[in-house]
Amino acid sequence: MNNFAFQTAASAKQATGAFRDDKQAAYLAGGTTLLDLMKLNVLQPSQLVDINSLPYRGITETPDGLRIGAMERMSDVGENALVMQQYPAISESLLLAASPQLRNMASIGGNLLQRTRCGYFRDTAFPCNKRQPGSGCPAINGENRNHAILGTSDQCIATYPGDLAVALIALDAVLHLESAKGKARRVPLLDFYLTPGNTPQRETTLEPGELITAVTVPAAEHARKSKYLKVRDRASYAFALVSAAVGLDVQGGTIRSARVALGSVGTKPWRAQAAEQLLVGKAATEANFRAAAALALQGARPHKHNAFKVELAQNTLVRALQDVAG
Amino acid sequence: MSSEPKFFEQPAGGVVGKPMDRVDGRAKVTGAARYSAEFALPGLTYAVLVTSAMANAKVSLDTTQAEKAPGVLAVYTHLNIPPLAVLPNSPDKPKGWSPPMKYMPLSNNEVQYANQPIAVVIADALERAQHAATLVKVSYQAAEPIASFEDPKAKLFDPQAIQDGKTAGHTVRGNPKEALAQSAVQHKATYTHAINHHNPLEPAATTAFWEGNRLTVYDATQGITRTQTSLAATFGLAREQVRVITQYLGGGFGCKGSCWPHTVLAAQVARGVGRPVKLVLTRPQMFTSVGHREDQTQTLQVGATKEGKLTALIHEKTSTTSPWDNYAESNSKIIGMLYACPNFEASYQLARANVMPSTFMRAPGEAPGSFAIESSLDDIAYQLGIDPIEIRLRNYAEKDSNDGKAWSSKSLKECYARGAELFGWSKRNPKPGQTRDGRYLVGMGMATASYPVHSSQGTARVRLFADGRAVVQSGATDLGTGTYTVMTQTSADVLGLPPDRIRFELGDTTLPTAPNSGGSVAAGTVSSSIFVAAQDVWRKVKELARADSKSPLYRAKMDDIIVEGGTLMLKKDRSKAEPFAAILERARLTDIESTGMGRYGAGFEGDDKTTDQNSQPKTYSMHSFGAHFCEVRVDPELGTVRVTRWVGVHGAGRILNAKTARSQMIGGAIFGIGAALMEATERDQNFARYVNADLAGYHVPVQADIPDMTIEFVDEKDPYINAMGVKGIGELGMVGVAAAVANAVYHATGKRIRSLPITPDKLLGTAATV
Ligand SMILES: Cc1cc2nc3c(=O)[nH]c(=O)nc-3n(C[C@H](O)[C@H](O)[C@H](O)COP(=O)(O)OP(=O)(O)OC[C@H]3O[C@@H](n4cnc5c(N)ncnc54)[C@H](O)[C@@H]3O)c2cc1C
Ligand code: SF4
């Protein structure tokens, strides 16, 4: 680990101010991604700005829906009654993630910004375009069982590994950001994550020094009838091989609205809007679910060890849809 | 000594076998127990390894910046590290040298495997050493590495012998090829096994310091004597100049069974800086420092009659080995002995690659070997419509087919019967793919377990005090499995004292020599040596009494005196009795002590009948046996497998503590379920470097993966094993587990998975087939 400066920010202004003349500064929330990658020398920030005392708290019901402060902990949000009842996919995505200890530390803002679990990215002995642009991507011809099949490029095939973002993106969540200049803006989560293209080092549209302050999620029938299904190599405490977040509003056997997203198959949390459109107006039958799942995986580009994800993702999606359709 | 019992008979009210709580439990949960990295010696310094990014290279290092970093005492590379007296690859390596590694990092500028140590940084604080390590600049002159036996660049060869010469590279019994060709049933299958790592909770750690020419190391090792011998040889010292201490160990599973380079490096740099040095391996370093279970493929051909009786077994194994050794687990041993089969052939093929040597890992050979034979036999059972237990009974081995010897004891039939009863085997639908529970396919499978009793010997000292307490010592180690506890129980029974009057000490080379805690030998050998030593203590006390005119036992014959609960008495007239304390007091002795040697094959029947002069077994083949029963629920669409029920019934000689033994068997089954369903270290085939070398990437089972387990032991009295009749259970519980799981998965789905681990990707498409 490198030497770094440390400060505790008492206000957003102080926090964002740290980035004015130090582009290598980093915010510290729960630290479960940041410190991990610092110990591996993957991240080497010059300065840590502890944002844990910033007032981005609260899990509240607003006229538009749910509002979660960025500094809320995964465990508190996952176990919140409002979230569990009205937005079950969000609760499930949190409680199926990581371990209780990690969930007690990790924040919502930090969770959305967690980095890929690609083993080549995490070990500085390997080349990696995401860590060191232009150095190459050993995963493409290497151990790529956990890698992405959607949204990949010739530069990078790493997945976005997190769970929460998949549920949030399915349910049209909006991020609330505050910039270094004190400017607030809102970005739909759908527009927040980037595919690698030729710049795999850029993962989101977050500006340097910009803070995530909150996440809002519109209330909807498909949010109340939502589900997060996670398939993994062991029963608990593992990242997903494949996951699905779905929401359905079914009235009299006909689907009125549908939300479909996939996790750990894409280079970003993968919303499948074509699949949603296919479902709307149709009967909630397995055949229609299968057709939607096939559409969601259209264009998948598997590599040597991850072809199974094409079938697994479809089966997972169908299963999740069946479960919410009841 | 002739009057002494040679085989342990439990005294009335004895504690051996009872589910006694761990005597070290309190020390562990309060933190009082000190592990090898927890000795805060005055002036302690901290070593951090700089390891190679490349797997095949020559390095040159620039340490200027690192040396200038705050708190740094020294940076050692191959150019300036204090030299060793001998190198493991030198032809004149002395006797007793036992490191598994025939190459010593930092002995030259070569790198032969990824993450090989290339420099050691020592600083006054761990963090300062860690930081300075990042400042060492390395230039590589790299060549393409060979990643495994599957690498197109790899050259396969037929070794004369594997495992340091312990197993022949090629064995034939009978006429297997011909027998196979004439068999009604011919079955051929190939099995693969992922690379597995031991991953004990406690990482490898060494704290080393020198006093002149005397070296002391606190080392996380399963064998203090082996480490002592190796360090003495390496540094050109006498054994008595090296002291190795291991008070507590947080698991080992074989990876701490040898003296690996990091221990030698710690001692080397401690000599260089002239202060105590602590070196703790990081979790990623654990994947490239202390061995692993090698990547391997096995092809097993089985010939059988229409009745399912085995006629031929032909086994071939191909695996990866390091640039210097011929290590492979000897899978064929269990394949050759588990069932009666007249014709057998086994051969090994190796390829050298740029990898750290593999090493023994819990049930080395037996675990992957049993996966092959127990899966193939299951296949044949289905093919012939024979119940899996029945086919095993039809091939029940009345003697060891490998050497023709009779068993010293074998309770396998009882294990099958009792296991089947506990599990409800009779309710199983014999047809695969037929049992559903909602979305799940339910499957039941079973497999046989077996593990040899390895040849071993060791010593213990018993010191009995006139105040009614005793100190019992043996240089064994406790891997966390309960050695402290079971030896306290043994001592209590053989001395007739309550367990709280016994202090059992282990883990120090100043104590009597004990074997490595490995190969499941520790419990039997150490408990036997305590038993033998205690008998000699009583012999001495009896001698004192007989010679003491004030004793009621004056002039009694040795054979007529018995000891019960610490009181000596005449066998025929129990009123003529006296507590040992009174005898010692009159002799003005505060205590009396003896050492004893416990040996393999030295049970009731006597040394002469069961061993030759080299302590090799003469008459009996000694093994423990058991049966596993497994129920799984498979989600055919998602490919997930969950073990939902587990029954294990085993016969393993005398069980010293019902509670710690049960924990051992559960641990073994969980270890096996890990290998069966999730454990795999992935080595990049271009870089010969692991990509998931931490506990987030390498999955071991968590609570949610493991159901409640039923474990029973069949009572077994084996007077041939050793004086206590203890066979040892460290590895037995894992043998056959992967097959029991795979057999249950087959029963659930009709899909036979021959490649471990059985991850969801391998089961997709199952839904369509059933
Ligand atoms: C062993 C292990 C297993 C895990 N398993 C899972 C899993 O199964 N599923 C899953 O989804 N996740 C998993 N995780 C990831 C975990 O959920 C994330 O590490 C965690 O959510 C990150 O939150 P944090 O508050 O600790 O972030 P930090 O580590 O503090 O920060 C992460 C990043 O976000 C930035 N940041 C933090 N907060 C803000 C903010 N408000 N505004 C702007 N930038 C910010 C930081 O600068 C940093 O770059 C696992 C992690 C580990 C270590
Ligand atoms: S997949 Fe992306 S993160 Fe992984 S090695 Fe390639 S470039 Fe790096």
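A, B, ... follow the sequence lines: proteins, then strands. Residue 1 opens every chain. Computed from a predicted model, the values in this text were never measured in an experiment.
Residues passing the salt bridge (Lys or Arg N to Asp or Glu O under 4.0 Å) test with A/D323 are A/K227, B/R439, sequence neighbours excluded. Contacts of B/R633 classified as salt bridge (Lys or Arg N to Asp or Glu O under 4.0 Å), with partners at least two apart in sequence or in another chain: B/D437, B/E631.
With a 4.5 angstrom heavy-atom cutoff, A/N141 touches chain B via backbone and side-chain atoms both. For A/R117, the part lying under 4.5 angstrom from a heavy atom of chain B is the side chain only. Heavy atoms of B/N692 lying under 4.5 Å from chain A are absent altogether. For B/V700, the parts lying under 4.5 angstrom from a heavy atom of chain A are both the backbone and the side chain. For chain A, no part of B/I758 is nearby; none of its heavy atoms comes within less than 4.5 Å. Only the backbone of B/L677 comes within less than 4.5 Å of a heavy atom of chain A; no side-chain atom from C-beta onward does.
The shortest heavy-atom contact between B/R683 and A/E143 is O-OE2, 3.4 Å. For the pair A/F308 and B/L764, the tightest heavy-atom approach, listed with the atom from each and the gap, is O-CD1, 3.5 Å. Between A/F126 and B/Y690, the shortest heavy-atom distance links the atoms CE1-O, 3.8 Å. Residues A/S236 and B/A704 share a closest heavy-atom pair of CB-CB, 3.9 Å. Nearest heavy-atom pair, A/R234 versus B/L695, reported as atom, atom and distance to 0.1 Å: NH2-O, 3.9 Å.
The backbone N or O of B/L638 sits nowhere less than 3.5 Å from a side-chain atom of A/N315 that would complete a donor-acceptor pair.
Considering only heavy atoms from C-beta on, B/D694 comes within 4.5 Å of A/R122 through its side chain.
Screening A/L241, A/L312, A/V231, A/D233 for a side chain to side chain contact (heavy atoms under 4.5 Å, CB included) with B/T640, the sole residue that qualifies is A/V231.
Note that NZ of A/K309 is 10.0 Å distant from CG of B/D761, once rounded to the nearest 0.5 Å.
Contact tally against chain B (heavy-atom pairs below 4.5 Å) for A/G119, A/A238, A/A125: the top residue is A/A125.
Surrounding CD of A/Q132 are at most 12 heavy atoms belonging to other residues, nucleotides or ligands under 6.0 Å away. Residue A/N104 qualifies as enclosed at atom CG: its count of foreign heavy atoms under 6.0 Å is above 12. Environment of OH in B/Y440: sparse, with no more than 12 heavy atoms of neighbouring residues, nucleotides or ligands closer than 6.0 Å.
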### Task
Determine, stepwise, if the pair B/H131 / A/N3 fulfils side chain to side chain contact (heavy atoms under 4.5 Å, CB included).
CA-CA 8 Å; B/H131 174 62; A/N3 285 334; 4.0 Å; yes

### Query
For A/D123 and B/R689, what are the C-alpha separation, side-chain angles and deciding distance, and is it a salt bridge (Lys or Arg N to Asp or Glu O under 4.0 Å)?
CA-CA 10 Å; A/D123 180 351; B/R689 189 177 173 91; 2.8 Å; yes

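The pair A/R319-B/D635 counts as a salt bridge, with a side-chain nitrogen and a carboxylate oxygen less than 4.0 angstrom apart.
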